[in-house]
Amino acid sequence: MLRIGFGYDAHRLVPGRRLVLGGVMISHDRGLLGHSDADVLTHAIVDAVIGALARGDIGEHFPDTDPSFKDADSLLLLKTVMEWVRAEGLRVGNLDTTVVTQKPKLAPHISAMKDKLSPILGVDPRRINIKAKTSEGMGFCGREEGMEAFAVVSLVIDESST
């Protein structure tokens with residue numbers, strides 16, 4: 001059995017917030033605005049996993065109206081949905097993601113992001129792909145008003161759990 005999920009997220013860039021992507025703090029003059037830490041990459045991954053499980057979306061399970069998620073570490077949200085994956089006898093096959101931003105350059109941080117995500121997802125970092133793209137100055141990402149991220153995840157039967 002193979003299950004595939006797609007996730008998307010976007011957040012505004014604002015002064016006075018830290019920038020966290022894939023669980024990694026990145027030096028930048030602005031950060032992403034959101035109820036939690038606004039980690040747009042991890043949110044897209046969480047949404048993709050929830051989608052592969054056919055359980056709705058991230059806002060359903062971790063609403064921004066719930067004070068318990070105020071400034072929450074998004075990696076904790078990912079840990080929660082990965083518990084659901086394991087409870088269904090599944091595991092991650094692979095993950096492919098794209099972050100769209102003009103600045104900062106993300107290439108120097110991709111390895112650290114994979115290292116943060118790998119143990120939570122339960123996969124070798126070589127099964128995690130993170131791409132950084134610009135939008136050539138177009139749209140809200142191109143104007144540096146925000147960032148967006150896309151994620152596709154495959155879930156497969158965990159042979160070790162049967």
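Being a predicted model, the structure only gives us computed values, none of them experimental.
- Partners of M1 under the side-chain contact (heavy atoms from CB on, under 4.5 Å) rule, at least two apart in sequence or in another chain, are R3, L90, I157.
- A distance of 7.5 Å separates CG in L117 from CG in L95, rounded to the nearest 0.5 Å.
- For H28, the side-chain contact (heavy atoms from CB on, under 4.5 Å) partners two or more places apart in sequence, or in a different chain, are L13, L19, R30, K103, P104.
- With hydrogens and angles disregarded, a donor-acceptor distance shorter than 3.5 Å links the side chain of S135 to the backbone of G142.
- Going from atom CG of L41 over to atom CG of L21 covers 6.5 Å, rounded to the nearest 0.5 Å.
- Considering only residues two or more places apart in sequence or on other chains, K131 meets the side-chain contact (heavy atoms from CB on, under 4.5 Å) condition with D96, T98, N129, K133.
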Would V85 and V49 count as a side chain to side chain contact (heavy atoms under 4.5 Å, CB included) if you check the C-alpha gap in whole Å, the side-chain angles of each, and the deciding distance to 0.1 Å? CA-CA 8 Å; V85 168; V49 172; 3.4 Å; yes
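- Listed for the R17 side chain is a donor-acceptor partner under 3.5 Å among the backbone atoms of L32.
- Other members of the hydrophobic cluster containing Y8, listed by chain and number, are L2, I4, F6, V100, F140, F150, V152, V156; membership follows side-chain contacts under 4.5 Å among ILVMFWY residues, whether direct or relayed.
- In the hydrophobic clustering, where aliphatic and aromatic side chains (Ile, Leu, Val, Met, Phe, Trp, Tyr) are joined below 4.5 Å either directly or transitively, V20 groups with M25.
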Passes side chain to side chain contact (heavy atoms under 4.5 Å, CB included), I130 versus K114? Steps please. CA-CA 8 Å; I130 301 172; K114 288 181 178 185; 4.0 Å; yes
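- Partners of E60 under the side-chain contact (heavy atoms from CB on, under 4.5 Å) rule, at least two apart in sequence or in another chain, are D57.
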Yes or no on side chain to side chain contact (heavy atoms under 4.5 Å, CB included) for V92 and V153, after CA distance, side-chain angles and deciding distance? CA-CA 7 Å; V92 170; V153 67; 4.0 Å; yes
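- Using a 4.5 Å cut-off on side-chain heavy atoms (C-beta onward), R18 and I26 make no contact.
- The two residues P125 and D115 have their closest heavy-atom pair at CG-OD1, 4.2 Å.
- The side chain to side chain donor-acceptor pair (under 3.5 Å) analysis of residues 117-126, with sequence neighbours excluded, yields the pairs D124-R126.
- Residues passing the side chain to side chain donor-acceptor pair (under 3.5 Å) test with R55, sequence neighbours excluded: E88.
- Contact record, M147 with V40: O-CG2, 3.9 Å, taken as the closest heavy-atom pair.
- Both L121 and W84 are members of a single hydrophobic cluster when ILVMFWY side chains are connected at heavy-atom separations under 4.5 Å.
- Every residue meeting the side chain to side chain donor-acceptor pair (under 3.5 Å) condition with R143, not counting sequence neighbours, appears here in chain and number order: E145.
- With hydrogens and angles disregarded, no donor-acceptor distance shorter than 3.5 Å links the side chain of E148 to the backbone of V99.
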Tell me which donor-acceptor pairs under 3.5 Å the side chains of residues 68-78 have, and how far apart each pair is, sequence neighbours excluded?
| residue | atom | partner | partner atom | Å |
| --- | --- | --- | --- | --- |
| S68 | OG | D66 | OD1 | 2.7 |
| S68 | OG | D66 | OD2 | 3.3 |
| D73 | OD1 | L75 | N | 2.8 |
| S74 | OG | D37 | OD1 | 2.4 |
| S74 | OG | H43 | NE2 | 2.7 |

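- When side chains are defined from C-beta on, L155 counts as touching L53, because their heavy atoms get closer than 4.5 Å.
- The ring pair (Phe, Tyr, Trp, His ring centres under 6.0 Å) pairs that include a residue from residues 97-129 number zero, where partners must be two or more places apart or lie in different chains.
- A side-chain donor-acceptor contact under 3.5 Å links D39 to the backbone of G23.
- Remark: N94 engages S154 in a side chain to side chain donor-acceptor pair (under 3.5 Å) (not counting sequence neighbours).
- Remark: H35 NE2 to H11 NE2 distance equals 11.5 Å, nearest 0.5 Å.
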CA sep, side-chain torsions, deciding dist, call: I128, V123, side chain to side chain contact (heavy atoms under 4.5 Å, CB included): CA-CA 8 Å; I128 299 171; V123 296; 3.8 Å; yes
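- Shortest non-hydrogen contact noted between A151 and A48 is O-CB, 3.7 Å.
- M82 and I120 make their closest contact through CG-O, 3.5 Å (heavy atoms, listed as atom of the first residue, atom of the second, distance).
- Not a single donor-acceptor pair under 3.5 Å links the side chain of K116 to the backbone N or O of G22.
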